[in-house]
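Below is one structure, written out as structure tokens, with a few remarks after it.
Convention: sequence-line order gives letters A, B, ...; per-chain numbering from 1. Everything numeric in this text was worked out from a predicted model, so none of it was measured.
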2 protein chains.
Amino acid sequence: MGTTSKALSLLSYFSRAQPLIGLSDMARLSGLNKATVHRLMGELAQAGFVEQAGSGREYRLGPAVMRLAALREHAVPMRDVAAAVLRDLSDATGETAHFSLMQGQTLSTVAYAYSPLHGTRVTMEDAEVLMLHATGSGLAVLAYSPPGMADRVLAGPLAARTDQTITDAARIRAILDEIRAVGVAESVSGFEEDVHSHAAPVFNAEGVAMGAIAVAAPTARMDAQLAARIRAAVRTQALRLTAMLGGLTPPDYPKDERPRDAAQDDSRAVSLPAKG
Amino acid sequence: MGTTSKALSLLSYFSRAQPLIGLSDMARLSGLNKATVHRLMGELAQAGFVEQAGSGREYRLGPAVMRLAALREHAVPMRDVAAAVLRDLSDATGETAHFSLMQGQTLSTVAYAYSPLHGTRVTMEDAEVLMLHATGSGLAVLAYSPPGMADRVLAGPLAARTDQTITDAARIRAILDEIRAVGVAESVSGFEEDVHSHAAPVFNAEGVAMGAIAVAAPTARMDAQLAARIRAAVRTQALRLTAMLGGLTPPDYPKDERPRDAAQDDSRAVSLPAKG
DNA sequence: AACCATCGGTTCAAATAATGAACCAACCAC
DNA sequence: GTGGTTGGTTCATTATTTGAACCGATGGTT
């Protein structure tokens with residue numbers, strides 16, 4: 001790993017939960033020597049990527065990222081494009097819609113839209129990181145990533161966010177096959193309790209999944225009818241968003257939703273009917 | 001300069017005008033060896049800070065900056081805070097208001113607000129870089145930066161954006177003194193033709209200028225009355241924004257707008273009355 | 001079709017920058 | 001005081017970065 005990668009990796013330790021990180025903490029988190037971290041943070045600070053917070057001498061993300069983000073958004077107005085699609089998607093389903101993008105090894109939320117239809121809804125956080133094996137979006141992306149990708153992720157430790165998170169690699173592999181057969185992924189309470197999400201992949205110009213859009217609904221509200229409506233809508237809108245972002249939906253992506261049995265699995269249901 | 005700084009400096013060559021940069025171009029722009037640039041861009045790409053655009057193999061800013069920006073904005077909601085202040089400022093003046101922050105050696109626009117009052121208005125670009133010697137905001141910041149700062153900037157080449165840009169270092173030094181006497185900076189057509197801007201510094205917790213807010217109006221609309229209203233408003237709102245961002249307005253900052261002669265300079269007017 | 005100037009990308013010995021254990025001084029809780 | 005922190009520094013050792021030269025491919029010119 002090059003020095004630059006190390007420096008950039010330091011930035012990834014900042015999160016919503018931990019916006020301020022001290023020198024020693026950063027050294028511990030990254031596993032790098034304190035002197036090394038000090039120098040790297042110094043360089044990052046000089047470039048404005050981090051700054052030292054007023055009171056303590058802890059570091060936080062700096063203003064330079066704001067400038068770069070504005071330029072990125074101007075060059076690739078993904079967020080705006082996605083916002084329009086998400087609005088349609090949440091209108092069509094009456095539930096929360098969100099769009100997440102792969103960045104390195106993680107999936108992070110780019111935009112979301114709520115529906116005013118119900119008083120209760122699934123809420124999202126800006127820039128939330130979604131676990132690949134425990135969310136509908138993550139599974140949708142894994143199903144349509146290069147083979148090595150899923151292998152790498154499933155080889156690593158699979159943390160359980162809830163007691164319904166599936167952490168068995170073999171079972172997940174089977175689920176990925178099922179997703180590929182239908183084009184839509186599903187997760188019930190795998191990431192947050194009482195959240196049932198459906199997701200479909202969004203492809204880049206090479207036909208590889210670069211992210212996913214999803215609809216997240218309270219499990220209490222989910223039934224066969226709503227699920228069918230959501231699957232159809234998320235599928236349609238994913239195709240549309242892929243096109244709008246200049247991506248290419250691969251030829252082997254299922255052409256249209258197949259007829260499904262109305263019967264749902266029990267509460268632990270996560271997979272889609274394997275039916276081919 | 002460390003390797004990390006070199007890598008980060010590459011990111012600064014992306015701009016609104018040049019969102020896509022090829023390998024050879026980047027090597028030329030940065031003055032680094034092509035092989036070096038290739039490796040650094042590779043590391044930046046791996047971390048998601050840049051990506052290679054679909055068609056050519058040129059680079060552009062990547063999705064990672066979006067995520068970091070969302071976290072930064074969550075930790076330090078400057079943009080939101082500034083947006084409210086700018087709204088008030090543009091309402092009070094009927095003209096375009098904007099807020100810019102120092103990042104390294106340059107001043108870049110963070111947020112702006114338009115007034116619906118007039119059909120013609122000064123328009124802003126996201127993340128625009130403002131020249132320190134040629135804009136009201138830049139002069140306001142220079143006037144309230146550590147002494148070395150102005151020396152460094154004025155020692156370098158002072159480019160003329162328009163034929164009314166002041167490029168004489170001695171003259172600018174005199175103008176900075178005048179700004180310090182009144183607390184508000186002014187620039188007429190120094191950056192864009194037919195734009196008259198007034199600016200006031202925004203201070204950080206150490207009492208050093210970290211940026212400026214400004215009101216930009218078409219020169220055709222500027223008269224003594226409007227100028228007086230703008231000066232008062234930009235001053236008030238700068239004090240307010242400094243407070244809201246946890247900054248400290250230094251004790252020697254002029255307490256209130258002094259009575260001024262109604263007489264304006266001729267068209268080349270840029271300085272404020274030196275009166276002390 | 002030959003030519004020339006690009007382009008992005010690669011190679012490898014030489015040069016340079018990164019590294020980390022040990023060491024500060026300052027701060028805080030006890 | 002004492003012990004365990006903190007952020008920050010030093011410098012000999014080590015490993016990474018560097019850049020001239022070199023690819024093959026592409027695209028325009030003659």
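At its two ends the helix from C/dA1-D/dT30 to C/dC30-D/dG1 runs along axes set 40° apart, each axis drawn from five pairs and the angle rounded to 10°.
Counting only residues at least two apart or on different chains, the side-chain hydrogen bond (donor to acceptor under 3.5 Å, both in side chains) pairs with a member in residues 26-42 of chain B are B/Asp25-B/Arg28. The salt bridge (Lys or Arg N to Asp or Glu O under 4.0 Å) pairs that include a residue from residues 3-23 of chain A are A/Arg16-A/Glu125, where partners are two or more places apart or lie in different chains. Annotation: side-chain hydrogen bond (donor to acceptor under 3.5 Å, both in side chains) contacts involving residues 127-142 of chain B, sequence neighbours excluded, are absent.
Not counting sequence neighbours, A/Phe14 has no partner by the ring-ring contact (aromatic ring centres under 6.0 Å, His included) test. B/Tyr144 meets the ring-ring contact (aromatic ring centres under 6.0 Å, His included) test with B/Phe203, B/Tyr253; sequence neighbours excluded. By the side chain to side chain contact (heavy atoms under 4.5 Å, CB included) test, B/Arg161 pairs with B/Met131, B/Thr165, B/Phe191, B/Glu192, sequence neighbours left out. Shown here are the side chain to side chain contact (heavy atoms under 4.5 Å, CB included) partners of A/Ala169, two or more places apart in sequence or in another chain: A/Leu154, A/Leu158.
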- [ ] Could you walk me through whether B/Glu43 and A/Ser5 pass the side chain to side chain donor-acceptor pair (under 3.5 Å) test, one step at a time?
- [x] CA-CA 6 Å; B/Glu43 293 202 58; A/Ser5 296; 2.5 Å; yes
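For the pair B/Leu32 and A/Ala35, nearest-nucleotide mapping onto DNA chain D gives the more 5' position to A/Ala35.
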Under 3.5 Å, which protein N or O atoms sit close to an N or O of nucleotides 4-7 of chain C? Give each pair with its distance.
from: C/dC7; atom 1: OP1; to: B/Arg28; atom 2: NH2; distance (Å): 2.8

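Proximity of B/Gln52 to B/Glu58: side-chain heavy atoms (C-beta onward) are nowhere separated by under 4.5 Å. A 4.5 Å side-chain heavy-atom check between A/His74 and B/Pro19 finds every atom pair outside the cut-off. Residues B/Leu44 and A/Leu8 meet the side-chain proximity criterion, which asks for heavy atoms closer than 4.5 Å.
For the pair B/Gln52 CD and C/dG8 C1', the interatomic distance rounds to 9 Å; values are reported in whole Å.
Look at B/Asp151 and B/Arg173 and you find a salt bridge, because one of the NZ, NE, NH1 or NH2 atoms lies within 4.0 Å of a carboxylate O, short of that distance. Salt-bridge formation is not detected for the pair A/Arg180/A/Asp252: no Lys NZ or Arg NE/NH1/NH2 atom is positioned less than 4.0 Å from an Asp or Glu carboxylate oxygen.
For the segment residues 2-20 of chain A, the set of residues with a heavy atom within less than 4.0 Å of an atom of DNA chain C comprises A/Thr3, A/Lys6, in numerical order. For DNA chain D, the residues of residues 37-51 of chain A within the heavy-atom distance limit of 4.0 Å (strictly under) are A/His38, sorted by number.
More than 12 heavy atoms of other residues, nucleotides or ligands lie within 6.0 Å of CD in B/Glu73, so this atom counts as buried by the packing criterion.
Side-chain N or O atoms of A/Arg67 include one that pairs as donor or acceptor with a backbone N or O of B/Ala127 at under 3.5 Å.
Note that the first and last nucleotides of DNA chain D, 5' to 3', having any atom under 4.0 angstrom from a heavy atom of chain A are D/dT6 to D/dT17.
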